[in-house]
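Every chain is numbered from 1 and lettered A, B, ... according to where its sequence line falls, protein lines coming before strand lines.
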There are 2 protein chains.
Amino acid sequence: MARAAGVSPATVSRVLNGHGTVDPSLAKRVRATTAKLGYVPNAIARGLALGTSHAVGVVVPDLANPFFPTMLKGIGLAAGTAGFRIVVAESNERIAEEVRLADELARLTDGLILCSPRMPTAALRSLVDRGIPVVCTNRVVRAPELGIVAADWITGARLLASHLADLGHRKVAFLAGPASSWSNQQRRLALSRFEGLKVEVIPAGSASADGYAALPSALETGATAIVAFNDLVALGVLGRLGELGIRVPDDISVAGFDDIPSAGFLRPPLTTLRLPLVDLGVQAWHVLQRRLDKQPPGPPVRLLPELVVRESTAPPAK
Amino acid sequence: MARAAGVSPATVSRVLNGHGTVDPSLAKRVRATTAKLGYVPNAIARGLALGTSHAVGVVVPDLANPFFPTMLKGIGLAAGTAGFRIVVAESNERIAEEVRLADELARLTDGLILCSPRMPTAALRSLVDRGIPVVCTNRVVRAPELGIVAADWITGARLLASHLADLGHRKVAFLAGPASSWSNQQRRLALSRFEGLKVEVIPAGSASADGYAALPSALETGATAIVAFNDLVALGVLGRLGELGIRVPDDISVAGFDDIPSAGFLRPPLTTLRLPLVDLGVQAWHVLQRRLDKQPPGPPVRLLPELVVRESTAPPAK
DNA sequence: ATGAAAGCGCTAACAG
DNA sequence: CTGTTAGCGCTTTCAT
């Protein structure tokens, strides 16, 4: 390339990166040549020389849950503005896979955003101790150099519990998500501790099929309302309920978490806790950027979910 | 690292990559040292030296549509087995963005998988002409070195049309997707050409909100069945219909395309055309792998969708 | 079987 | 303002 334009590689680098200063006529010649040859700098070589890939790794448990893609939009948006690209990997909710991916991405990129990670705290710490800039979303872990951006599910779940209690419910079934999920623990805890509501915890999972499968057990508890770990699980619940001819909210109330895009279009529209997901992604990027700049991550960012009351919750039947 | 183990870098490289042959005792020492230091080879430098990144880029129009994540699972699975990583980017249905991303990823990776690309054929050809291994899913473009993996929507849509006609429907409304979408064109074409079914085409889009918004126009046509561009759009339709108190399938039938994971959990469960998405992803990888090995892509792979009849379709009311 | 040396494509420091 | 030089961290001939 340099030869084709009759200049040195350094000059090419200068005009392409807008550093130093170059004689306009030379610059023009270089640009003309790059255009003619369709030349594009090799990002790998550039990364090696600069010691930075201008890419960050993002690992998510499950892309099929709209929760994560929505957050990715936010991360991608903010990172793109700063000239960074994101590399996303999916762990399929498997912890070992998650650790492996984080490790691998760390070698390849400048930093990591771990979304709702399920890995042990020690593994998380080890990443940080290796000097890798990492931010963790939806999980709070005490570690000085770890960035944290998480929802305040305790307050959020209390909002929901209080909505249900106000409606007159006294006993609710909570269809729990993955045990290793911090969000799940928080939601369960807040619900259980709420005064005036008896909550039965039924193990379910994070997918619609899990909700579908767990519904009968929830029914057996005699609860008048069902709170699902997330909207996907609630969707499965709604499906099974419809199949059984049990009406929502007349016979039983149902609520979820996350407010995925479909939540408002279901029949009945789902009452749920909305998290500003795009914003959450943007914030995660900003915290990471601070770490990339060798600055401390700053205090944990906590986002408050908003209760979205739709038609799936109502006073109990009797 | 090499010094720490008291050997040359070449030897380290040999034991880590299992190439050449090294004295077992040396190999052991190297391995011990790598373990102690927690040393991991720098993927970037490795990429430069090898001339390959062992990564492929995947660009999708919209991660929020479960269609794409599901396919990504397939690609990731197959690619991972072959020691490749995938880098995914989202174009948000914007054509210019899509072209830019493809371009950028091409510099960074060894090959490209473009999912349902909306870019002009010329742009697609330009990528191929630059010698980049690329495979295109859900779009058929004649170009010798371009790999193609696509659904046979013509046959698929005919399956659906015939199901509807057999039920007794004579007039259906098709809520069309993005005009630049090949799938949309194919589906619309096959439907329109079907004998014995009058189809009214209503512009909608690819998201639930588009279905929700377009429903009134569809109703005005007096159609007894609505076919949505995809399941997400159908979801919006179902939501609006419920809101209006119009019963499905008693008053009107609804069908979609794709069979996203929620389709079976909706009320009523949605009749739709299922594509083996994970398999589609796996196939896309295999075709790309052939190109990475400098082989021709082979003939276009066509997958036949399967009609999944659930409860959202029934004979027309009157 | 092993080490020394060259080079992947680029950028940054240093001369001129 | 521009070319020359060195080097990013690794792999791979080529000698030994």
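Atom pair B:Leu50:CG and C:dA6:C1' shows a separation of 15 Å (rounding to whole Å applied). Atom CD1 in A:Ile44 sits about 16 Å away from atom C1' in C:dT11, given to the nearest Å. One atom, CG of B:Asp23, and another, P of C:dG3, lie 10 Å apart when rounded to the nearest Å. If you take NE2 of B:His54 and P of D:dT11, they are 11 Å apart, rounded to a whole angstrom. The interatomic distance linking A:Arg107 (CZ) with D:dC10 (C1') rounds to 14 Å, in whole Å. For the pair A:Asn42 CG and D:dC8 P, the interatomic distance rounds to 18 Å; values are reported in whole Å. The CZ-C1' distance, from B:Arg46 to C:dG9, rounds to 18 Å in whole Å. When the P atom of C:dT11 is taken as reference, atom CG of B:Leu48 falls 11 Å away, rounded to whole Å.
Of the listed nucleotides (D:dT12, D:dT2, C:dG9), D:dT2 has the atom at the smallest distance from the side chain of A:Thr11. Of the candidate nucleotides C:dC10, D:dC10, C:dG3, C:dG3 has the atom nearest to the side chain of B:Val7. In this structure, the nucleotide among C:dG9, D:dC10, D:dT11 sitting nearest to the side chain of B:Asn17 is D:dT11. Here the nucleotide nearest the side chain of B:Ala49, chosen from D:dG3, D:dT11, D:dG7, is D:dT11.
For B:Tyr39, a side-chain nitrogen or oxygen approaches OP1 or OP2 of D:dC10 to under 4.0 Å. Side-chain N/O atoms of A:His19 include none lying less than 4.0 angstrom from OP1 or OP2 on C:dT11. Put simply, B:Ser13 has no side-chain N or O that comes within less than 4.0 Å of OP1 or OP2 on D:dC10.
Counted by atom type alone, A:Arg118 and A:Asn184 present zero donor-acceptor pairs between their side chains at under 3.5 Å. Using modelled atom types, one finds no donor on one side chain facing an acceptor on the other under 3.5 Å when comparing B:Thr121 with B:Arg125. With hydrogens and angles left out, the side-chain atoms of B:Ser126 and B:Arg130 include a donor and acceptor closer than 3.5 Å.
The aromatic rings of B:His54 and B:Phe84 lie parallel to each other, their planes meeting at an angle below 30°, with 60° marking the opposite boundary.
On a pure distance criterion of 3.5 Å, a polar donor-acceptor pair joins the side chain of A:Arg14 and the base of D:dG3.
Taking a cutoff of 4.0 Å between a charged side-chain nitrogen and a carboxylate oxygen, A:Asp62 and B:Lys73 qualify as a salt bridge.
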